[in-house]
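Everything on this sheet refers to the single structure shown next.
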Amino acid sequence: GEKLVEAVKFKGYKTQIDHKFKNTLKFGEKSQVLDGQDVKELSAIFSDYKRTSFTYDAQKQTYLISQFKGPQIDGNTSEQNSKQNIIFLDVNGQKIDNSKLLSLTTTGDGTGKYFSRGKSIDIKWSRSEGANSFKFFTTDNQELIMMPGKIYVCVLPQWSSIDIK
């Protein structure tokens with residue numbers, strides 16, 4: 001953690017939200033996902049060694065997060081991380097110079113999936129430039145209204161896959 005803070009300062013990265021920033025995310029008690037497909041388990045498969053899995057906990061109405069064959073643990077609370085909203089974004093990507101570095105296109109328009117309360121729907125996304133926030137829409141171009149809570153966003157390049165149960 002300390003090294004990360006030092007690196008942020010050294011690189012001069014922003015640590016405060018610009019006062020002109022406008023949040024484009026919409027939340028409400030009646031989300032479009034409530035009419036979606038039942039999904040109790042899902043995984044984002046990035047490579048032979050990297051997979052992030054989400055298991056729906058109906059009692060807490062959250063998805064428990066696991067990766068590298070075990071629970072993802074919050075270092076502050078020692079509890080398994082969980083999120084109420086999961087978004088998978090399909091993006092174009094390319095590997096850089098035969099290394100493990102990636103270049104992912106997160107501007108423009110694309111498709112994806114939204115998961116919440118044990119359900120899933122297909123979505124569309126748009127983002128005009130890197131400093132702007134994403135905008136999410138249903139497939140019939142209505143603004144996506146998400147359930148209140150935290151969001152986990154998985155950016156999935158074309159070589160990734162998802163496993164939904």
Side-chain angles (χ1 to χ4, degrees), residues 1-9 11 13-15 17 23-96 99-106 110-125 127 130 133-134 136 138 144-165:
E2 290 176 17
K3 297 266 186 210
L4 182 58
V5 172
E6 290 173 20
V8 167
K9 287 180 184 174
K11 291 284 192 176
Y13 294 136
K14 293 180 183 178
T15 58
I17 295 176
N23 182 10
T24 59
L25 303 178
K26 306 289 182 194
F27 296 91
E29 292 300 323
K30 281 193 101 170
S31 168
Q32 292 99 334
V33 78
L34 296 177
D35 294 328
Q37 168 190 353
D38 288 335
V39 176
K40 303 304 179 204
E41 294 180 35
L42 56 139
S43 295
I45 304 164
F46 298 99
S47 67
D48 292 341
Y49 66 91
K50 176 67 169 113
R51 170 190 287 244
T52 302
S53 299
F54 307 87
T55 304
Y56 184 62
D57 181 334
Q59 184 176 356
K60 294 181 181 177
Q61 295 187 332
T62 64
Y63 284 92
L64 299 170
I65 305 168
S66 299
Q67 63 180 1
F68 301 111
K69 300 181 181 180
Q72 185 188 68
I73 303 298
D74 183 311
N76 293 320
T77 66
S78 299
E79 294 179 10
Q80 185 171 7
N81 276 324
S82 66
K83 302 288 185 270
Q84 291 82 3
N85 300 287
I86 310 295
I87 294 179
F88 284 1
L89 300 180
D90 299 321
V91 303
N92 289 322
Q94 58 185 334
K95 296 177 182 180
I96 300 173
S99 69
K100 293 185 179 184
L101 298 175
L102 304 174
S103 173
L104 303 174
T105 304
T106 59
T111 60
K113 289 192 170 291
Y114 169 60
F115 303 88
S116 187
R117 297 210 177 157
K119 302 276 188 178
S120 169
I121 60 170
D122 292 331
I123 61 168
K124 297 178 185 180
W125 62 266
R127 187 172 181 222
S133 61
F134 284 91
F136 300 111
T138 62
L144 176 66
I145 299 177
M146 293 184 275
M147 299 306 292
K150 296 178 182 176
I151 305 168
Y152 189 108
V153 178
C154 285
V155 179
L156 298 167
Q158 65 271 19
W159 57 82
S160 299
S161 62
I162 58 175
D163 183 22
I164 299 175
K165 298 179 183 171

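Just the heavy atoms: all of them, side chains too, but no hydrogens, waters or symmetry mates, feed the values below. The residues of the chain are indexed from 1 along the displayed sequence. From a predicted model like this one, the values you see are computed outputs, not experimental measurements.
Of all non-hydrogen atoms in Pro71 and Ser66, the two that sit nearest each other are CA-OG, 3.7 Å. The minimum heavy-atom distance linking Ser120 with Val39 is given by the pair CB-CG2, 3.5 Å. Closest approach of Ser116 and Met147 over heavy atoms only: OG-CG, 3.3 Å. Nearest heavy-atom pair across Ser133 and Arg127 is O-CG, 4.0 Å. The shortest non-hydrogen separation linking Lys40 to Gly118 is NZ-O, 3.9 Å. Here the closest heavy-atom approach between residue Ser82 and residue Leu64 is recorded as CB-CD2, 3.9 Å.
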### Task
Test Asp122 against Thr111 for side chain to side chain contact (heavy atoms under 4.5 Å, CB included), laying out the working first.
CA-CA 7 Å; Asp122 292 331; Thr111 60; over 6 Å; no
### Stepwise side chain to side chain contact (heavy atoms under 4.5 Å, CB included) test for Gln67 and Gln72
CA-CA 6 Å; Gln67 63 180 1; Gln72 185 188 68; 3.2 Å; yes
### Message
Apply side chain to side chain contact (heavy atoms under 4.5 Å, CB included) to residues Phe68 and Lys50 and explain how you reach the verdict.
### Response
CA-CA 6 Å; Phe68 301 111; Lys50 176 67 169 113; 3.5 Å; yes
### Task
Determine, stepwise, if the pair Thr62 / Lys83 fulfils side chain to side chain contact (heavy atoms under 4.5 Å, CB included).
CA-CA 5 Å; Thr62 64; Lys83 302 288 185 270; over 6 Å; no
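Using a 30° and 60° split on the angle between ring planes, Phe134 and Trp125 fall in the perpendicular class, above 60°.
A distance-only check finds no donor-acceptor pair linking the side chain of Gln84 to the backbone of Arg117 [under 3.5 Å]. Distance alone, capped at 3.5 Å, places no donor-acceptor pair between the Asp90 side chain and the Gly110 backbone. Listed for the Ser53 side chain is no donor-acceptor partner under 3.5 Å among the backbone atoms of Ser43. A side-chain donor-acceptor contact under 3.5 Å links Gln80 to the backbone of Ile65.
For Lys150, the NZ atom is loosely surrounded, since the number of other residues' heavy atoms within 6.0 Å does not exceed 12.
The shortest side-chain heavy-atom distance between Ile151 and Ile87 falls under the 4.5 Å cut-off. Counting only heavy atoms from C-beta outward, the side chains of Ile73 and Glu79 never approach each other to under 4.5 Å. A heavy-atom distance below 4.5 Å is found between the side chains of Lys113 and Ile164. The side-chain heavy atoms of Trp159 and Leu102, taken from C-beta on, include a pair separated by under 4.5 Å. In this structure, the side chains of Leu144 and Lys26 stay at 4.5 Å or more apart for every pair of heavy atoms. A heavy-atom distance below 4.5 Å is not found between the side chains of Tyr152 and Asn81. Leu89 has its side chain within reach of Phe136: a pair of non-hydrogen atoms, C-beta onward, lies under 4.5 Å apart.
The CD1 atom of Ile86 sits 4.5 Å away from the CZ atom of Phe54 when rounded to the nearest 0.5 Å. Here Gln94 contributes atom CD and Asn92 contributes atom CG; the two are 9.0 Å apart, rounded to the nearest 0.5 Å. Interatomic distance, CD1 of Ile162 versus OG1 of Thr52, reported as 13.0 Å (0.5 Å rounding). Atom CG in Asp35 sits 11.5 Å away from atom OG1 in Thr138 (nearest 0.5 Å).
If you look at Phe115 and Phe88, their ring centroids are closer than 6.0 Å.
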